[in-house]
2 protein chains.
Amino acid sequence: MSNSNSGQRRRRGSDQPTLKQVADTAGVSTITVSRALNTPERVNEATRKRVLEAIDQVGYVPNLVAGSLASASSRFIAVIVPSLANAVFIEVIRSLQETFEARGYQILLGNTDYDLDREYQLVRTFLGWSCSALVTAGLRHSEACLGLLGHWDKPIMEVMELGDALDLNVGLDHQEAGRCMARHLVARGHRAIVYVGACLDRDYRASMRFTGHREVLDATGLDAPLIELDRLGSLAAGATGLDQVLADFPEARAIHFANDDLATGALLHAQRLGLRVPEDIAIAGFNGLALGQHVTPRLTTIQSPRETMGRLAAEQVLRRLDHQPVTQRQQNVGFTLMVGQST
Amino acid sequence: MSNSNSGQRRRRGSDQPTLKQVADTAGVSTITVSRALNTPERVNEATRKRVLEAIDQVGYVPNLVAGSLASASSRFIAVIVPSLANAVFIEVIRSLQETFEARGYQILLGNTDYDLDREYQLVRTFLGWSCSALVTAGLRHSEACLGLLGHWDKPIMEVMELGDALDLNVGLDHQEAGRCMARHLVARGHRAIVYVGACLDRDYRASMRFTGHREVLDATGLDAPLIELDRLGSLAAGATGLDQVLADFPEARAIHFANDDLATGALLHAQRLGLRVPEDIAIAGFNGLALGQHVTPRLTTIQSPRETMGRLAAEQVLRRLDHQPVTQRQQNVGFTLMVGQST
DNA sequence: CGCTAACATGTTAGCGCTAACATAGTTCTA
DNA sequence: TAGAACTATGTTAGCGCTAACATGTTAGCG
């Protein structure tokens, strides 16, 4: 029996004002308040005004959790990157964030630390939050992760590189970028060229660039020695890289670094060692970070359009969320060789 | 009348498996499945195993939105910073994220772009997500924002600086840091010292450092000229800053920059101009970014313990969330003067 | 003036989960 | 050996909101 009052359970929940209280204050029903907030064009202007006043009056803050449960979707966009230590991802995140936030979406940031199992866990968690879309850096995923995403019917955007994508794809051709820089070095007359990467098994985009690099050197009849550092790209690692090249390949006259952090670290280290760049050793990087453009000699590098990549990716996803047709599921943002004085 | 079948409403919601289906498969009630996931120690081991198998079997992914609504709290931690362009905040975010993620909390990142109104909007949104705690960079908030937070009963952590905090506080004394560097420059024998900042109205911590700087110069009987750049700290802005000092204060022999980006930009620009550092002009920064430690001459700067700050802040919040007593509501993480060759 | 369409608002029934209370079985204590 | 204390699991009632359907009201039309 419903023992009407005595045996009542204590309520939980926050003691924040709810839609109901706003509705009572404004003298309308809860759904009208809901509509005044979410689809204002469907509510008479006078009513809407009354509702907004009531909201102010009672100090109402919408409970987005409840809204998301009822509508089975949140205004979250899951963004998964392999690292927050790398400026490249930060810049992509920043431009994704700007574009999404302007449209009322909130980014949910996940960091895999280059571990596909962690990616799977993050995807699981994010699916649990009823995200509106997923943006992930890279095309490689675990089987388990693919299993989850296979059932999912919301937009999936894979950024950074181009290839066989699950859904949407915005990026650039890393192998071609590697070829491009190798061609430049060869054209400069260099013959003894070393490629220096950091953790290429994890940063597989850098290893794709090495593949392109090697193709060109092979075709030119040159050796393509590789030095792999066991810690991720940083200025300090770049200095170590230079030392290692000098020790292992004293004949080397040019170094193609996997990224600008390494290259700049090496360049600054060369200064400390009293080596002339590019006369004694030429140095090239990849990414086009501000850093490399401020050192003397200016770093030769490849500019990856990170802002553009983030913005385009976000716009593409937003288009899909607006049910507008997406004409190009894959977009190549390209890259630009920036010839500095370091080669 | 309840027309039992014909007039049924169509359901919405995702077609994902729910707790109920797991429960049926495992032959237990939903609450047991819930407990097996959230408080496993309260479920018999054999039962728990059966439940976990059922979860695998049906491919269940917990709906965290529903869970949060029912429990009136999510495992979100709101983190609000003024900028993602500044490496300092990125590093703090990274160490917050590591510490929180290890304990199963997810960061909800907000970027105010140094705008207190945007901070208010972000706080509103985040409260709507039933966050477990709020971490914010800085002690300054709008009235409206304080109004919202006043009612809120969950942990609030203010990081970066020290002062009159709402709840918890981990940071350093920026005014003292400014004094420290000014003392160093004076001790080095410099008399004509210029402070160069960027958007000091927004980056008010930098202006606190200037206040400390001026105090010391005042006490020494020296002028404390200030140059303020109208764009945020970057290498390029630092170069501009140096140019401006050379133009406006040709007698200047030392520049105290508001941060390392500016200082390093100026240092690299000095190299391009053929100026000797520190003989022609001494340069000092603030933050202790890796960058400044790799240039030649090595930058004199103040190391702010950003990793420590993030970790301590997160640990303090976690302690509060675990209902453990928090002994120190305010923690000073201090700073270290790092004397390089640039002064 | 009756009909339809468009608009404005309301009623109802959950979304999927967990807090609170309830109940059974088991171990321990006096 | 009664019953207190503990363990393991279940039942019930929402959390606060919105989709779907329902109803009322006004405008437009021949």
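The structure presented is a predicted model; accordingly, all values stated were derived computationally and were not measured. Here is the naming used below: chain letters follow the sequence lines, and residue numbers restart at 1 for every chain.
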### Query
Starting at the 5' end of DNA chain C and moving along, which residue's nearest nucleotide shows up first, Ile31(B) or Leu69(B)?
Leu69(B)

### Message
Please classify the nucleic acid contact of Ser68(B) as base, sugar-phosphate, or nothing, using heavy-atom distances under 4.0 Å.
### Response
nothing

### Message
Between C1' on dG14(D) and CG on Asp15(A), what's the gap in Å once rounded to a whole number?
### Response
17 Å

### Summary
Rounded to whole Å, CG of Asp24(A) lies from P of dG10(C) at a distance of 11 Å

### Task
Tell me what Val43(A) touches on the nucleic acid: a base, only sugar-phosphate, or nothing, going by heavy atoms under 4.0 Å.
sugar-phosphate

### Taking every non-hydrogen atom, the tightest pair across Val33(A) and Ala23(A)
CG2-CA, 3.7 Å

### Task
Check each of Asp167(B), Leu168(B), Val135(B) against Gln316(B) using the side-chain contact (heavy atoms from CB on, under 4.5 Å) test, and report the only one that passes.
Leu168(B)

### Task
Using only side-chain N and O atoms of Thr32(B), determine if any of them is under 4.0 Å from OP1 or OP2 of dG10(D).
yes

### Message
What's the separation between atom NZ in Lys49(B) and atom CG in Asn44(B), rounded to the nearest 0.5 Å?
### Response
12.0 Å

### Task
Answer yes or no: does atom CD of Glu41(A) have more than 12 heavy-atom neighbours from other residues, nucleotides or ligands under 6.0 Å?
yes

### Query
Would you say dT9(D) has OP1 or OP2 under 4.0 Å from some side-chain N or O of Ser29(B)?
no

### Message
Please report the distance, rounded to the nearest Å, between CG in Asn44(A) and C1' in dG10(C).
### Response
15 Å

### Task
Would you mind reading off the distance between Leu64(A) atom CG and dC15(D) atom C1', rounded to a whole angstrom?
14 Å

#### Entry: Under 4.0 angstrom between Asn38(B) side-chain N/O and dT18(C) OP1 or OP2
yes

### Task
Could you pick out which residue, Arg35(A) or Leu19(A), lies toward the 5' side of DNA chain D when each is mapped onto its nearest nucleotide?
Leu19(A)

### Query
To the side chain of Val28(B), which of dG10(D), dG16(D), dG16(C) is closest?
dG10(D)

### Query
Pairs in or reaching into residues 118-141 of chain B: which pass salt bridge (charged side-chain N to carboxylate O under 4.0 Å, His left out), with residues at least two apart or in two chains?
Glu101(A)-Arg118(B)

### Task
Establish, with yes or no, whether the OP1 or OP2 oxygen of dT18(C) is under 4.0 angstrom from a side-chain nitrogen or oxygen of Ser71(B).
no

### Task
Hey, which sits more toward the 5' end of DNA chain D by its nearest nucleotide, Lys20(A) or Arg48(B)?
Arg48(B)

### Task
Calculate the interatomic distance between Arg75(B) atom CZ and dT18(C) atom P; express it in whole Å.
12 Å

### Task
Could you check how far CG of Leu37(A) sits from P of dC17(D), rounded to whole Å?
9 Å

### Query
Picking from dT9(C), dT18(C), dA8(D), which would you name as closest to the side chain of Thr30(B)?
dT18(C)

### Message
Under 4.0 Å, counting only non-hydrogen atoms across every strand here, what does Thr18(A) touch: a base, just sugar-phosphate, or nothing?
### Response
sugar-phosphate

### Query
Between Glu45(B) (CD) and dT7(D) (C1'), how many Å, whole number?
15 Å

### salt bridge (charged side-chain N to carboxylate O under 4.0 Å, His left out) contacts in which one or both residues fall within residues 50-60 of chain B, not counting sequence neighbours
none

### Task
Search all heavy atoms of Pro40(B) against all heavy atoms of Ala36(B) and return the closest pair with its distance.
CB-O, 3.6 Å

### Task
Take atom CG of Asn63(B) and atom P of dC15(D), then tell me their distance rounded to the nearest Å.
18 Å

### Query
What is the base-pairing partner of dG28(D), counting Watson-Crick and G-U wobble geometry with both distances under 3.5 Å?
dC3(C)

### Task
Could you check which residues of residues 120-130 of chain B get a heavy atom under 4.0 Å from DNA chain C? Sort them by number, please.
none

### Query
Can a salt bridge be assigned to the pair Arg94(A) and Glu307(A) using a cut-off of 4.0 Å between side-chain N and carboxylate O?
yes

